[in-house]
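Contents: one structure, followed by commentary.
We name chains A, B, ... by the order of the sequence lines, and we start the count at 1 in each one. The analysis underlying the following values was restricted to heavy atoms, covering all of them including side chains, and did not include hydrogens, waters or symmetry mates.
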Amino acid sequence: MTVRDLPALRGVRLPTGRRLRSLLERRHAGAWTREATLLTALTAALLVLGLVMSFSASIVDAAENGDVFGIFRRQLAWALIGAPAFLFVSSLDHRVWRPLSWVLIIVSFVLLAIVLTPVGLTRFGSSRWIGVGPLVIQPSEIAKLAALLWLADVFARKREKGIDLTDLTHLLVPAIPLLGVFGLLIMLEPDLGTTIILGLIIALVLWIEGLPMRWFGAGGILAGLAVTALALGASYRAARIQGWLHPEEFADSAGFQLLQAKFAMADGGVFGLGLGASRGKWNYIPNPETDFIFAIIGEELGLVGAMFVMLLFAGILVLGLRVARSAEDGFARTVAFVITCWIVGQALINVGTVTGLLPITGVTLPLVSVGGSSLVSTLVALGIVVSISRRQEPVLGSAPRAGGGRP
Amino acid sequence: MLLLFVLLFGIVGWRLVDLQVVDAEELADRGVRQRSRTIELPGRRGRVYDREGDVLVTSVDSATIYADPRAYRSGETPDGTAKPPAAHAAEVADVLAPLVGRDVADLRAALERDAHFVYVARQLDWELGQRIMDLELPGIGLLTEPKRVYPAGPLAGQILGFTGIDGAGLHGLELQHDDILHGTPGQLVMEGAPGGLSIASGARELRPPVPGTDLVLTIDREIQSAAEAAALRAIEEFDAVGASVVVLEVGTGDVLAMASEPGYDPNDVSGSVQANWRNRAVTDVFEPGSVQKALTAAAAIEEGVVSPTTPMVVDDRIQVGSKTFKDSHDHPVEHITFAEVMETSSNVGTIQVAQALGKERLDRYLRDFGYGSRLGTGFPGESHGLLMPVESWWNTSLPTIAIGQGVAVTLLQTAHAYATIANDGVATQPRILRGTVGEDGRLTPADPSPTERIISSGTSRQVREMLARVVSGERGTGKTAQVPGYAVAGKTGTARKPSADARGYSGEYVASFVGFAPVEDPKLVVAVMVDEPYPIWGGVVAAPVFQEVLEFALKHRKVPPTEPNASLADALTEAALQEALADAQLEGPATAADEPASPPVGAAAGGDGAPVAEP
């Protein structure tokens with residue numbers, strides 16, 4: 001069986017080569033809206049800020065590898081792929097993602113499996129990447145978006161068939177098995193941070209689809225127990241917890257990164273040391289251009305800069321939730337809501353780890369941190385939200401479900 | 001959901017304010033502290049110049065090679081991943097050991113030590129250091145270290161002394177003037193990063209180092225060189241164990257040369273003999289013998305006991321207490337003047353005069369001439385010599401000391417006493433430091449040496465004339481000291497050495513000659529002592545050294561000749577030399593009794609001993 005034979009894909013041609021134009025013509029999103037403009041502006045602002053800061057933060061690490069622009073150039077290349085992708089996706093009828101999500105979920109599964117083979121690239125003791133020529137992609141970033149879209153489509157289909165979604169079985173299948181399979185694959189890399197984000201994404205889908213609150217309580221306790229078990233199971237995770245709780249006592253080991261990030265942000269003060277003037281990036285803060293780029297922002301641009309970044313994400317949150325509320329169909333509503341909460345939530349988790357509110361898990365700051373797959377998948381996800389904001393004419397059979405679900 | 005996010009944003013925002021405003025100062029301070037790197041900038045140690053400005057000591061940049069042994073162990077990155085060693089200690093040691101001249105096994109052990117820093121080799125030539133760095137061996141680094149160098153090699157080595165490898169003065173003038181030679185280190189405070197990087201945009205604070213002060217010595221490099229060469233030749237020619245020469249400028253007290261051979265090269269302290277580090281003209285003492293008679297005569301004339309023309313009846317022996325003192329050769333009872341007593345270096349005549357003078361007055365004058373106390377040069381290890389307090393003198397001490405036994409002096413003390421006679425009776429404290437050159441590049445002259453009149457101008461003139469007869473007189477014992485064109489005055493000495501156990505005398509002798517020129521207006525004093533020569537006679541062994549050094553020094557210092565007919569004087573000198581060998585026995589050693597009247601000055605009296613530091 002090929003992808004084309006999937007029932008969901010009947011009548012849809014894969015957007016390859018010059019078919020893109022015809023696809024756009026046939027499946028064009030609606031008129032441009034105010035929300036679309038603002039979301040695009042916020043995304044562009046974060047993207048540009050991210051490029052500037054990724055150059056500033058990576059300069060020392062890159063110079064040690066012989067090319068000051070090395071890391072920045074690669075990130076710029078990804079941005080040049082991601083930005084057109086964003087514009088293209090934002091002009092596409094969001095409903096094309098319903099059949100496409102089935103392709104994406106299979107591709108994600110295959111890629112996640114390949115990562116665990118010797119083909120996968122291992123860095124910092126974790127196999128998360130696949131090298132394709134000069135590009136290095138991180139399948140788990142694609143998997144997050146794929147899982148979200150696919151579950152949204154599955155729930156939409158169930159609703160269209162009149163299945164009662166108050167039935168717990170229909171709510172949890174296939175969401176929990178998907179979480180089990182993808183979660184296991186990602187944990188084998190191992191990558192706890194992405195697993196947690198994936199779990200949160202799936203929980204968000206279930207929440208918007210109407211899973212009763214008490215089940216979140218139970219799920220939350222279960223997840224907490226699982227994370228605790230995992231943390232205690234791997235010595236480096238236990239050390240990270242210790243380093244988070246008592247950074248001073250582990251100033252030279254597990255608490256080092258957090259402590260250095262704190263020093264850097266404190267040094268930045270209200271107005272920052274000035275763009276490029278970070279001290280922490282000089283080999284003090286590990287991974288200054290990826291997980292801890294927010295510390296460099298705080299150091300160079302001060303509280304003002306840090307708050308500005310938070311404000312941009314808050315703007316995305318407000319706009320994204322408004323888009324979700326006024327979405328025409330259940331699929332669109334779920335997708336817009338979950339994407340918005342996922343990206344803003346991931347940003348909050350990242351800032352939380354950098355400021356010591358949460359233990360270090362290796363979660364990046366969306367649109368800002370260096371990382372190609374993450375950047376492109378985030379841009380595509382936001383593009384989808386923009387496309388949803390360009391209201392579609394109501395289409396037969398996909399009217400928003402009255403009652404049920406959550407605003 | 002929105003409420004939840006508002007709450008989360010609120011927590012994060014509050015946390016940011018907490019970190020970046022409330023706790024900012026304390027946290028930022030800790031960041032500054034961990035980045036702060038202080039680099040010590042060595043203050044250049046002062047140079048040492050001779051009186052003409054020739055460099056005797058300076059410092060150059062040298063290459064010190066070090067290793068970080070962590071490069072040869074497997075380690076961990078901050079992420080916890082294992083890192084293989086960058087190289088094997090054994091391989092690095094194999095390459096480096098022959099280059100730096102170390103044992104391979106020894107170097108390898110150093111590279112495998114559990115440390116972050118080990119020296120591979122210190123203070124190598126800059127070019128060699130660069131060649132090692134060009135090999136780009138892992139874990140190997142280079143530090144610039146100032147290295148003390150002595151461009152003139154062994155020249156004046158005992159005067160200059162040396163420093164330890166860290167530049168602290170350990171010996172000689174390097175030790176004596178360490179406080180002004182050493183610079184004050186400066187500091188560069190900068191922001192550093194792990195891995196030895198310095199943060200380009202970081203703050204820098206510089207406190208520049210203050211270089212040390214340069215010294216200008218009274219030493220004249222050319223005369224010093226001539227003195228050392230002459231001393232070395234005497235050692236070879238007369239199979240001596242050592243020889244010292246001091247050249248003083250009359251009036252100023254400037255030490256123009258102070259040589260003690262055998263010497264050493266301060267550039268290679270570890271390869272030298274420690275005994276040769278001592279500036280023996282200042283730190284070691286000897287019994288002056290007949291050289292002493294000039295001082296006995298000066299005291300007696302000043303006190304009116306005798307004059308050069310006083311007629312005397314001199315036998316060839318004299319009984320004092322239980323001892324018999326003899327002249328160097330037997331002779332019938334002679335009727336001669338006191339001047340002739342000096343000319344022939346008669347022990348008996350000198351003792352007769354000393355007995356008339358009395359021990360208190362002899363003791364006072366000897367002390368006035370500088371015996372028994374340090375001259376105040378401040379040179380490390382300077383000896384005060386040995387002159388017993390007059391209350392402790394035995395009944396035979398007076399005659400013994402009068403002829404220069406039972407008393408010990410440094411060669412510098414002897415030269416100084418003669419310089420007092422040469423300087424119309426005014427003593428000038430000898431000095432080695434002519435001045436200093438500070439940061440402004442100007443010479444700050446040292447204070448003029450203190451002066452003190454010891455004997456009258458008339459007395460000193462009479463003693464000078466008597467000493468001139470020793471060199472030029474018909475029966476003079478110092479004819480080999482004649483310098484063509486100049487009127488020279490001086491006195492020979494041949495003294496028995498105390499035995500090593502300081503009980504009685506050994507069979508060895510010290511030959512000496514001390515004198516000055518020109519007689520009418522003396523400019524230079526030269527003192528020579530040759531240790532354990534063969535033959536033993538001062539007139540044969542020490543006087544030619546004196547002559548050679550004095551002749552060079554007079555011409556080098558452009559002292560105008562007193563006798564224009566130089567070629568005639570050359571012929572006379574040649575004749576005198578032949579004669580001196582024949583007449584050598586005219587001047588003999590002072591007779592020491594089996595039980596010396598005064599305890600001989602043995603090894604124990606060898607000064608305080610120079611402070612010695614192992615390099």
Pair [X] + [Y]: basic N to acidic O under 4.0 Å:
{"X": "R148(B)", "Y": "D166(B)", "answer": "no"}
{"X": "K281(A)", "Y": "E289(A)", "answer": "no"}
{"X": "E127(B)", "Y": "R131(B)", "answer": "no"}

So which of L204(A), V344(A), V270(A), L273(A) has the biggest tally of heavy-atom pairs under 4.5 Å with chain B?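 It is V344(A).
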
In terms of heavy-atom pairs under 4.5 Å with chain B, which of V354(A), V351(A), L303(A) leads?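 Answer, by heavy-atom pair count under 4.5 Å with chain B: L303(A).
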
Between side-chain atoms of residues 256-267 of chain A and protein atoms elsewhere (two or more places apart, or another chain), which donor-acceptor pairs fall under 3.5 Å?
| from | atom 1 | to | atom 2 | distance (Å) |
| --- | --- | --- | --- | --- |
| Q257(A) | NE2 | P286(A) | O | 2.8 |
| Q260(A) | OE1 | Q34(B) | NE2 | 2.5 |
| Q260(A) | NE2 | Q34(B) | OE1 | 2.9 |
| D267(A) | OD2 | R35(B) | NH2 | 2.7 |

message = Taking side chain as everything from C-beta outward and backbone as N, CA, C, O, which of these in L317(A) sits under 4.5 Å from a heavy atom of chain B? Side chain, backbone, both or neither.
response =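 The side chain, not the backbone.
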
Checking heavy atoms, do the side chain of F294(A), its backbone, both or neither come under 4.5 Å from chain B?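 Only the side chain of F294(A) comes within 4.5 Å of chain B.
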
### Task
Would you mind checking which part of V6(B) comes under 4.5 Å of any heavy atom in chain A, side chain (CB onward), backbone (N, CA, C, O), both or neither?
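Contact with chain A is absent: no heavy atom of V6(B) under 4.5 Å.
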
- Item | Under 4.5 Å from a heavy atom of chain A, the part of V21(B) involved |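 Side chain of V21(B) only, per the 4.5 Å heavy-atom cut-off to chain A.
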
Checking an interface table here. Which of residues 306-316 of chain A come within a heavy-atom distance under 4.5 Å of chain B?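 Listed by number, the contacting residues are A306(A), M307(A), M310(A), F313(A), A314(A).
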
- Would you say the side-chain atoms of S56(A) and E300(A) include a donor-acceptor pair closer than 3.5 Å?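 Yes, a side-chain donor-acceptor pair sits under 3.5 Å.
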
Item checked: Side-chain donor-acceptor contact under 3.5 Å, T64(B) with E145(B) ->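 Per modelled atom types, T64(B) and E145(B) side chains form a pair under 3.5 Å.
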
*Interface residue of largest heavy-atom contact number with chain A, from V12(B), L4(B), V32(B), under 4.5 Å*: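 Of the options given, most contacts go to V12(B).
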
Practice item. Determine the interplanar angle of the F117(B) and Y119(B) rings, folded into 0 to 90°, and report it as parallel if under 30°, tilted if 30 to 60°, perpendicular if over 60°. Key: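 Plane angle over 60°, so perpendicular.
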
| said: T334(A) vs V205(A), test: side chain to side chain contact (heavy atoms under 4.5 Å, CB included). Steps then yes/no. | reply: CA-CA 7 Å; T334(A) 301; V205(A) 174; 4.2 Å; yes

Between R279(A) and E299(A), is a salt bridge (charged side-chain N to carboxylate O under 4.0 Å, His left out) present by the stated rule, with each step listed? CA-CA 8 Å; R279(A) 313 286 198 262; E299(A) 188 181 12; 6.0 Å; no

